[in-house]
Structures are given as structure tokens and as C-alpha cells.
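One structure below.
Predicted, not measured: the structure shown is a model, and the values here were computed from it. Chain naming here is simple, since letters A, B, ... match the order of the sequence lines and numbering starts at 1 in each.
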Amino acid sequence: MKFLRLFLCLVTFTLTACMSHLFIDTSTRLQVENKTDVTILGLDIVSDDGSSVSPWIRESIEPGEKSKVVEEDWVGTFRVRVRFDKWDKYEKMIAVSCVTDTRDVKVRGLKKQSEVGVTQRDAGSGCNGEGEQTYAELELEFEGGSQYLVVSEDENGKAVFKFR
Amino acid sequence: MTDVVYLDKMLMKTGLNKIFLLLALAAGVAFADPIPAEALTQGGLQMRDRQLRDIGLVMRGGRGGFIDIGYTYTPSSEQLQLKSQYGVHNGYAFRHHYGIFGSWVLDSVSHFGFLTWFDRTGWDSQDFFFFPHYGKFAHISSALTWGFSYTNKKYDATVALGLQHQNLELASHRIYENESDSLLFYWAHARYKSLSFQGSFYRGTFQTLRFSLDLESRALYGGAGSGFKTYLPNLNATIYRRKSGDDDDNFVRLNWEQNLYEQVLYADVTFDFPDDGFRSAALKYYPDPSRMIGFEASCIRRHERAGASDLLWGGAIDILFIRLGYNSVFDYENMFHAKGTLIAEIKFQIGAADGKFFGRGAAKPAPMETTQNSIDLKKFMKSHAEQNMGTTTRDSEGRKVLHAKGIRYENEGAATTSSEGGN
């Protein structure tokens with residue numbers, strides 16, 4: 001009987017598992033503030049190989065502005081791409097953007113969260129193509145719930161991303 | 001002494017139950033590797049195959065009954081995260097399952113049975129028991145196997161057949177490969193003495209074909225309880241249908257279970273032919289051959305990298321109501337390649353036949369207590385009263401005289417004394 005009691009206790013205890021939604025967020029409500037002096041065109045979650053892009057913040061955010069709050073099911077650690085209109089201090093990065101293997105570009109984008117290099121990639125053909133993109137790519141951890149992301153620029157011309 | 005009593009005493013002695021509970025809680029903070037999305041899309045095949053293997057074990061006897069019910073308990077959303085092409089998602093991998101077999105005695109030799117096995121597995125952003133959250137990256141699928149069995153005790157033969165449904169409840173198109181929505185398979189199992197054959201088919205083509213030779217002698221099914229016959233091997237070979245492109249790329253998995261010591265210590269080795277070779281090995285220790293309680297150490301080759309670093313070493317403890325596994329082969333295969341974390345499963349599993357109890361795949365029934373130690377109060381009182389009645393005597397005039405036993409208060413003259421005192 002004692003064993004049965006232990007079993008019933010275990011069952012009761014584990015039944016609390018289905019109550020996790022009461023205290024665990026399964027979505028993130030994201031708002032982005034732009035503290036740089038360029039316009040942010042949007043924020044996407046991209047796949048490891050860059051082949052799949054899932055837009056999150058679709059509106060453009062003017063310097064000093066905040067985006068609307070957008071709720072998505074991203075809770076965990078994901079690769080985030082923030083697209084900029086332009087980036088003043090990207091001269092050195094242009095050379096990188098011309099490398100045909102785009103993986104090189106990404107490796108640079110994977111530096112520490114506080115010093116993300118903004119890369120410019122040619123989305124068209126050749127380095128002088130028209131459809132070029134300027135973006136920063138990094139891995140961010142979303143804990144779920146309401147999250148406020150501040151994008152700014154440090155003195156070295158790197159983009160800085162911080163949750164507040 | 002039964003296993004339960006034995007276990008109870010063991011737990012009481014060492015306070016192990018508290019330790020297990022703490023371990024289960026600690027699982028939440030363990031460093032776990034996320035499960036790959038590809039492993040979830042292959043979950044259906046794994047579920048179906050495991051259910052048929054389970055049924056094969058239960059059909060060794062083919063009579064009596066069997067129940068196996070349980071669910072995994074992984075308390076933290078960061079314990080079994082999901083690895084997709086976008087990154088790592090917080091959430092829960094789950095496995096809820098049951099397997100029930102029951103049989104009726106038709107005549108002195110014939111037993112007719114019905115069996116149903118059900119698994120619901122997958123990954124969701126919240127944990128649940130019956131009603132999933134259906135998150136945007138969830139994968140939920142189930143497999144149901146059911147059928148009928150007929151066992152003839154005289155010929156020591158069993159035949160079983162039925163259907164198997166695989167149903168994809170939800171799979172996010174964003175991260176999972178395309179899968180068939182629902183599939184229907186046929187399965188059949190035939191056993192004659194220690195030789196059995198099992199097959200599952202889809203639209204006339206086989207999916208798995210399994211030949212088993214259970215040579216080990218088991219006292220549970222009327223075999224020898226000791227001696228060299230109990231050391232004979234249990235072998236089974238399964239042909240799996242596999243396609244690579246348009247060509248058939250079938251392979252054979254050979255499984256060898258070997259009693260090493262008095263049916264309490266077993267080795268279990270699996271090989272894949274023709275290409276992959278060694279797949280897994282396990283050393284299992286059951287304190288009692290009835291397999292109510294088990295300990296195992298196992299290793300599996302994951303085919304992810306070369307050399308010894310490809311081997312995943314782990315173990316599990318199974319004590320009737322709870323199973324704790326760390327990197328064990330079973331968890332790796334059935335929980336979508338989960339590793340690096342302690343997985344707790346709350347479960348109950350028992351088989352019964354001819355008034356004896358045993359665990360899945362057991363060689364001997366659990367030793368049962370035959371003496372009744374507790375006192376039935378009603379019975380006791382009745383017999384006591386009857387004894388007292390026996391002391392009834394008759395006096396010289398033929399009247400009944402009851403001799404009362406116990407406390408008797410006699411104080412002649414006390415009443416007089418007290419009345420005097422009242423004046």
C-alpha cells in the first residue's frame with residue numbers, strides 16, 4: 001500500500017506538467033527600438049544555411065523610433081537578421097561581401113552579441129549588382145513573453161543589440 | 001517475498017525514493033542536447049516497430065493478460081529542445097503510451113485474445129496529457145496497433161493478426177519534411193513453440209519481416225527453471241524495407257539476447273546488415289527473473305561520426321512505477337535521439353497468466369507470498385466466539401450456564417457500605 005501511495009503521489013505530481021502553460025511563455029512579443037542613425041528595414045529569423053527566411057518585424061523603423069509589438073512563436077535561440085537601409089561604416093566589410101561563399105560573411109556576423117559587424121551582401125549578380133542588402137546577423141536567445149530589443153551603434157561602427 | 005515488498009523495504013532502508021524524486025527534478029537543469037527535427041519525422045516507423053516487438057514478447061505466452069501504460073516526464077522546457085534549421089526551440093518532447101492484452105479461455109486448450117497498443121509522441125511548445133497546445137513548431141503523431149490472437153496450449157502455438165494505424169496529427173510545414181498524413185498497415189504474428197514469425201505490410205508490400213528463435217527455456221511458459229537450456233540464445237532477425245531513391249535498400253537487423261547468469265543477467269546486442277554493422281549493446285540486470293525491476297547499461301552507435309566517439313553510453317533504472325534513463329538506447333530510439341539528459345518515465349507494466357505475475361520478456365513469474373499474515377478480524381472474532389460457546393455447561397437443573405471470561409467485577413457488600421456512607 002505504501003508503494004501505491006508513492007505511485008499516486010508521483011502521478012499527482014506529474015499531472016502538474018499539463019499546467020505549464022500557466023507559467024511558461026510559448027511565444028515572444030517583440031518590440032524593436034532603433035537607436036542607430038539609419039533606418040531598420042525589418043527583422044527576420046533565418047535558417048542556418050540562409051535558404052529560409054521567416055519575417056518577424058516587417059515594418060521599417062526610422063532612427064529613434066520603435067516598432068509595433070509583434071507576437072511570434074519563437075522561444076529559444078535563433079539566428080536573427082536585422083536589415084538596414086545602409087550602414088555608414090561598412091567600407092571594410094564590402095570586401096567580404098564580394099566573397100562568393102556567403103558563409104564567410106556569416107562567420108563575421110557571428111561575433112559576440114556586443115560587437116556585430118554589419119555586412120553588405122550582394123543579392124544580385126556580381127559585387128556591383130543592384131539588389132544589395134545591408135544586414136547584421138547574430139544568434140539571439142528569446143525567453144518568451146514581452147521582450148524589448150534595442151539596436152544601437154558603438155564607436156567602432158558595429159551594431160549593438162541588447163534586450164532591455 | 002514479493003518484488004513489491006522487497007522493493008518497498010529497499011526504498012525504506014535507503015530513502016531511495018526521495019533520491020529518485022530529486023533526480024527526476026534535477027533532470028530539468030541537466031545539460032541536454034536538442035533533438036533534431038529529422039528524428040521526429042521518423043518517429044512513426046520507430047513507434048510501429050516497437051509496438052510489434054512488444055506484441056511479439058507478449059505473444060510468447062499468448063494467454064493471460066498484459067498491461068503497460070506510461071508517459072515521460074520532462075519538467076523543463078529547456079530539457080528536450082528542438083533543433084530546427086532556424087535554431088533551438090524551447091519546448092517538450094513527449095511520449096504517452098499504453099499496451100493492453102487480454103484473453104479469454106475458450107476451452108481447456110484454447111485462448112482467444114484482444115490486444116491494443118497505442119503511442120502518441122512528438123514535440124510541442126507546452127506539455128500536456130490529452131489536449132496539446134499545437135504550437136507553430138509542433139510535431140504530434142500517433143500509432144495504434146490492434147488485433148486478435150488465438151493460442152492453442154496443446155500445440156503451444158499462437159496466431160495473431162490485426163491492423164496498424166499511423167496518424168500524423170500535426171507537423172509544422174516550416175521545419176519538418178513532408179510526411180504521409182495517415183497510413184494503414186496490416187500485421188500478423190505466428191508462433192510455434194520457440195519459433196515465431198511476424199510481418200507488417202502496406203498495400204501488399206512488406207514493411208518489416210521478423211523471424212524469432214526464442215531458444216531460452218523459461219519456467220514461466222513451462223520450460224526449465226535452470227540448467228543449460230536457460231542459457232540458449234534468443235535471436236531475431238528483422239528485414240526492414242527501406243528505399244534510397246527508387247531502389248530498394250532493405251537492411252536486416254539482427255538481435256541477440258543472451259542469458260549470462262541465472263536469468264537475472266542478460267546481454268543484448270544488435271547488428272545491422274549488410275552495411276552498418278554493430279548498432280547497440282546492453283547489459284541488463286534484473287534482481288529477479290520476473291523482470292519487475294531492472295538495471296541496464298547500454299551503448300549505441302549513432303552513425304554520426306567515426307570511431308569510438310560515435311558511441312553513446314548510458315544506462316537506466318526501472319523500478320515498477322518509474323523508469324529513469326540517461327543516454328540509454330531505448331530513450332535514444334524512442335525519444336527522438338534524446339541524449340545528455342535524465343529522462344523520467346512514470347509507468348506501470350505487468351503481465352499475468354495462470355495466476356502468476358511477470359514483467360515484459362520475463363523468464364520466470366514473480367515469487368508470490370502464499371501465507372496470509374494479516375488477521376481477518378471478523379473471522380477471528382467469530383472463531384473466538386465459537387470457542388467460548390463450547391464452554392457452555394448445564395447446571396444440575398438442566399439450565400444453560402455461560403462462563404464469562406475476562407474482567408469481572410464482584411464486590412459483595414459494597415452497595416451496603418456506600419448506602420451507609422450516604423446517610
Side-chain angles (χ1 to χ4, degrees), chain A residues 1-30 43-56 70-81 106 109-110 113 137-145 147, chain B residues 2-12 16-18 20-21 24-25 34 69-78 81-92 94 96 124-138 172 174-175 319-322 344-348:
Chain A
M1 281 312 284
K2 200 178 175 81
F3 211 74
L4 185 69
R5 222 176 300 154
L6 174 69
F7 174 65
L8 290 176
C9 280
L10 268 174
V11 170
T12 317
F13 179 64
T14 55
L15 277 173
T16 58
C18 58
M19 306 302 283
S20 68
H21 62 278
L22 293 178
F23 48 89
I24 287 176
D25 284 305
T26 54
S27 62
T28 303
R29 297 180 296 278
L30 182 69
L43 185 146
D44 313 317
I45 303 288
V46 293
S47 63
D48 288 343
D49 58 1
S51 62
S52 301
V53 178
S54 186
W56 191 344
V70 183
E71 184 173 0
E72 287 279 345
D73 266 19
W74 301 105
V75 180
T77 308
F78 306 102
R79 188 181 294 274
V80 175
R81 175 184 289 178
K106 283 191 193 135
L110 269 173
Q113 190 175 329
E137 221 175 79
L138 74 158
E139 276 193 352
L140 281 182
E141 193 182 334
F142 297 97
E143 292 164 352
Q147 296 207 284
Chain B
T2 62
D3 273 18
V4 178
V5 174
Y6 167 76
L7 187 71
D8 208 29
K9 284 195 174 166
M10 194 175 81
L11 288 175
M12 285 293 292
L16 267 179
N17 49 359
K18 287 195 187 85
F20 284 142
L21 209 62
L25 288 172
I69 186 161
Y71 53 89
T72 50
Y73 175 59
T74 52
S76 165
S77 65
E78 290 178 19
Q81 293 165 310
L82 173 71
K83 175 91 185 76
S84 78
Q85 53 179 330
Y86 294 108
V88 178
H89 307 252
N90 288 3
Y92 301 86
F94 63 89
H96 304 158
D124 201 350
S125 46
Q126 282 178 8
D127 52 356
F128 65 94
F129 279 103
F130 300 108
F131 310 106
H133 174 61
Y134 296 123
K136 279 186 183 154
F137 302 100
S172 161
R174 291 162 94 169
I175 53 173
I319 47 166
L320 210 61
F321 289 137
I322 189 167
E345 186 186 358
I346 313 296
K347 52 125 225 172
F348 180 69

(request) Decide side chain to side chain donor-acceptor pair (under 3.5 Å) for A:T77 and A:E139; before the verdict, give the C-alpha distance in whole Å, the side-chain angles of both, and the deciding distance to 0.1 Å. (result) CA-CA 7 Å; A:T77 308; A:E139 276 193 352; over 6 Å; no
(message) Looking at chain B, which one of A:D73, A:V80, A:I45 has the largest number of heavy-atom pairs inside 4.5 Å, strictly under?
(response)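 Looking at each option in turn, the highest pair count goes to A:D73.
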(message) What part of B:Y71 gets within 4.5 angstrom of chain A, counting heavy atoms only: side chain, backbone, both, or neither?
(response)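 B:Y71 touches chain A through side-chain heavy atoms alone.
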(message) Taking side chain as everything from C-beta outward and backbone as N, CA, C, O, which of these in B:K83 sits under 4.5 Å from a heavy atom of chain A? Side chain, backbone, both or neither.
(response)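 B:K83 touches chain A through side-chain heavy atoms alone.
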(message) Below 30° counts as parallel, above 60° as perpendicular, anything between as tilted: where do the rings of B:F128 and B:F94 land?
(response)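 Taking B:F94 first and then B:F128, their aromatic rings stand perpendicular (interplane angle over 60°).
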(message) Between A:F78 and A:W56 (judged by ring centroids, cut-off 6.0 Å), do the two rings come close enough to count as a pair?
(response)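 No: the rings miss the under 6.0 Å criterion.
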(message) With a 4.5 angstrom heavy-atom cut-off, is it the side chain or the backbone of A:V75 that approaches chain B, or both, or neither?
(response)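 Backbone plus side chain of A:V75, per the 4.5 Å heavy-atom cut-off to chain B.
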(message) Checking B:H89 against B:S84: is there a side-chain donor and acceptor pair closer than 3.5 Å?
(response)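 Yes, because at least one side-chain N or O of B:S84 sits under 3.5 Å from a partner of the opposite role on B:H89.
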